[in-house]
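Below is one structure, written out as structure tokens, with a few remarks after it.
Only heavy atoms go into these numbers, but all of them, side chains included; no hydrogens, no water, no symmetry mates. Just so you know, ligand 1 is whichever comes first in the structure, and atom 1 is the first atom listed for that ligand.
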Amino acid sequence: MKKLDENRFDLRYINKFASLMTVGNGYFGLRASHEENYVGQTRGMYVAGIYNKATANEPSDLVNLPDMVGMNIELDGEYFSLITGEILSYQRQLNLENGELRRDIVWKNGAGSRFRLTFQRLAAKNDLHVLATKLTVTSLDKPAQMKIVTGIDAQQTNYGRQHLIEEKVRVAEGDLLQGIYKTTESGQTIALAACCTCSANGGIAHTAKNRQLLSAIKHDLPADAPFVLEKIGVIYTSLDGDLREQSPEEASEAALRSFSAAGYDALLHESAAEWAQFWKEKRIKVSSTRDFDQLALDFSVYQLEVMTPAHDERFSVGAKGLTGEGYKGHVFWDTEIFIIPFHLFTEPEKARKLLRYRYLKLKQALGKAASNGYEGALFPWESAFTGEEETPEFAAINIKTGKRQKVASALAEHHIVADIAYTVVKYYQNTLDDTFMKKEGLELLKETSRFWISRAEEEQGQLVIKDVIGPDEYTEHVDNNAFTNYMAWYNVKQALFFMDKYGDDDGQLKNRGHEFLKRLYLPKANDDKIIPQDDTFLSKPEIDLSRYKLAQGSQGILMDYSRQEVNEMQILKQADVVMLLYLLPDLFPRDILSKNLDYYEEHTIHDSSLSKAIHAIVAARAGDIDKSYQFFQESCLIDLGPNPHSSDEGLHAASLGAIWMAAMFGFANVSIKNQRLNLDPRLPSEWSELTFPLIFQGTRLHIAITHEQAVITKVAGDDLYIELKGNVFLVSNIVEVDLG
Ligand code: BGC
């Protein structure tokens, strides 16, 4: 398997690579900041679910925890830094196969002495609390004096906002550093403990000052003999479900003792074994003329794994996973529409847990609906730990006008309600999990339906949904956004279906639901076969967007036009009608797909990372594989491309999910039709084979697709009927289908 490489130290990329090379395990994520300090470097370590409000009126932040990997290394009286001395060789690799990050450097200090330094680190996959690091230093030319200072540094903030009270720091039994911190508002305790073990030791001294608990290790390096420092850390919090009556403080101390005794290599070995199993069950493989495609898919799957807090259903996935502070770690529709699909088709239990997250926050969603004058459940546009609305009231300041721009999403981006309901249905179709569906699923469907029924209003003899924001956030406060109306319709339709299925006797809701379905206005395609994005969109003026498309992702248009001006033109930030065509394919014939794709693509800047891959899927389904492959490739560059700052504040979690989706739902064209798995594959000419594992209705399949043939193998579970290119096959062993 390919590794993600950085072959050159370049300060401009320091934060991008810190995000890209994050190590993590769903419990915590650790940015790949360098051990040594650089101006502008943003360190970050985050534990899923640990949020805090810095002041009462601010939304919650995913808290940036004290740093445990920073090191000051002095070699013959000179600080090791890649901006002084000379770099003789530099190589950093995130090994996607075993989750280890490794940096190999040969560095010459100002006095001309050469040193080899190797840094290794991992977030254990087999024990979620463990962070293990190892440093190997060799003086290559002559004996040298070395001093390393490292520990637990609580000077970290979320871009200046300090969330932690330092409650207690101590050094136990001469070598165990422990810091206990409490979040200022949410009241969560975080216990961090770390212990350094050296291959040889000239002396160790500890200090605690200015929120830094540090060990200073001195050693005289002989020439050409490696010195090894292993630092094993553990993280526990008061939210942990596995504390077993212990406090985080007690748990961290006990755990650290056993893990530091094991040592780095043993921890790597055990963690790597879990990763090996993971790849065996989840890797999607492509034989492509472009190696980068496989790297992008492996990278996406790796990140989807490390961003998902599968250990605890009270947490979900933030828009940047656990890789940075962008969007404050908040949870959006990204989770249901872009991240859950990967889990649903590879480990449905994780999809269930992520849906349980929403179920556990139903009370808050009912509260939000009520306080806005609606019935049922109105889920927050941005959510964190409590389930209350977390969307900031204002976005960044427009530096031209000096005015803060209001964020209207909390008030009007209501499609999230239907997105959650949609995924509940997909979960059921994939798993046939009646236990979940009868209880959590049905309640979610009923309450979301109640919301839509109360949200719609009467106008000229039909029901309309006014004043919303659809997925395209450049078009605000519009009436009858097609995406929203169709998704609301689907939401209510499915609620009625499952109410009937399970004999739910809420007659009033049923009557209201049927009435809603009959009377809701669903925008139809016009004479040119274009589905209007909303009531007014198609009558707005158009401008040439080519210059903004060239700088897509930067939202440069907002520098030239105010939001209000953008709102009054045919300009899309991201897929909207195209998103609808992707989610509800059965409602729209193929020619509608291509017409709308062409029309809306021309008007879409793709300033959101959630856009391109959806265009890729719809292009593939419309039969335009070249265009689809072009979109796919461009999606892969959102995080992995050359822009040095694209991912400074964290990776685009949804876009990573969408890369996987583009291969699966675009080229393999996997969908669920009539409760049955359906495939209609067509590979790009650059690909000769696509293979992937897939779980459907409890049966584990392996699927291999070439231009000529599809081979479906049952790996485990019951026989399964599938549909391929319009024909139905029973998979009880191996099915080979000619695609020619
Ligand atoms: C997009 C939203 C998305 C959010 C978080 C915004 O820029 O417009 O669709 O949910 O980012 O990723």
Can you list the ligand 1 atoms lying under 4.0 Å from a non-hydrogen atom of E473?
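In order of numbering, the contacting atoms are 1 (C), 2 (C), 6 (C), 8 (O).
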Suppose I only count heavy atoms of L610 and a 4.0 Å limit; which atoms of ligand 1 are within that range?
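Those qualifying, in numeric order: 3 (C), 9 (O), 10 (O), 12 (O).
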Residue part near ligand 1, for Q574, under 4.0 Å between non-hydrogen atoms
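Answer for Q574: side chain.
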Could you please spell out the steps behind the salt bridge (charged side-chain N to carboxylate O under 4.0 Å, His left out) verdict for D61 and K53?
CA-CA 6 Å; D61 275 319; K53 289 180 197 288; over 6 Å; no
For the residue pair [X] and [Y], confirm or rule out a side-chain donor-acceptor distance under 3.5 Å.
X    : Y    : value
Y548 : D560 : yes
K16  : S646 : yes
Y46  : T323 : no

With nothing but distance in play, are any N or O atoms of E413 less than 3.5 Å from an N or O of ligand 1?
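No, E413 has no N/O under 3.5 Å of an N/O on ligand 1.
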Any N/O pair W333/ligand 1 closer than 3.5 Å
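Indeed, backbone or side chain, W333 has an N or O that close.
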Nearest protein heavy-atom contact for atom 11 (O) of ligand 1: which residue, which atom, what distance?
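Here the nearest protein heavy atom works out to Y327 OH, 2.9 Å.
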Starting from atom 10 (O) of ligand 1, which protein heavy atom do you reach first, and at what distance in Å?
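Looking only at protein heavy atoms, the one closest to atom 10 (O) of ligand 1 is D334 OD1, 2.6 Å.
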Ring geometry between F385 and F315 (parallel below 30°, tilted from 30 to 60°, perpendicular above 60°):
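Geometry flag for F385 against F315: tilted rings.
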For the atom pair CD1 (I465) and CG (D479), what is the distance rounded to the nearest 0.5 Å?
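Taking CD1 in I465 and CG in D479, the distance rounds to 10.5 Å.
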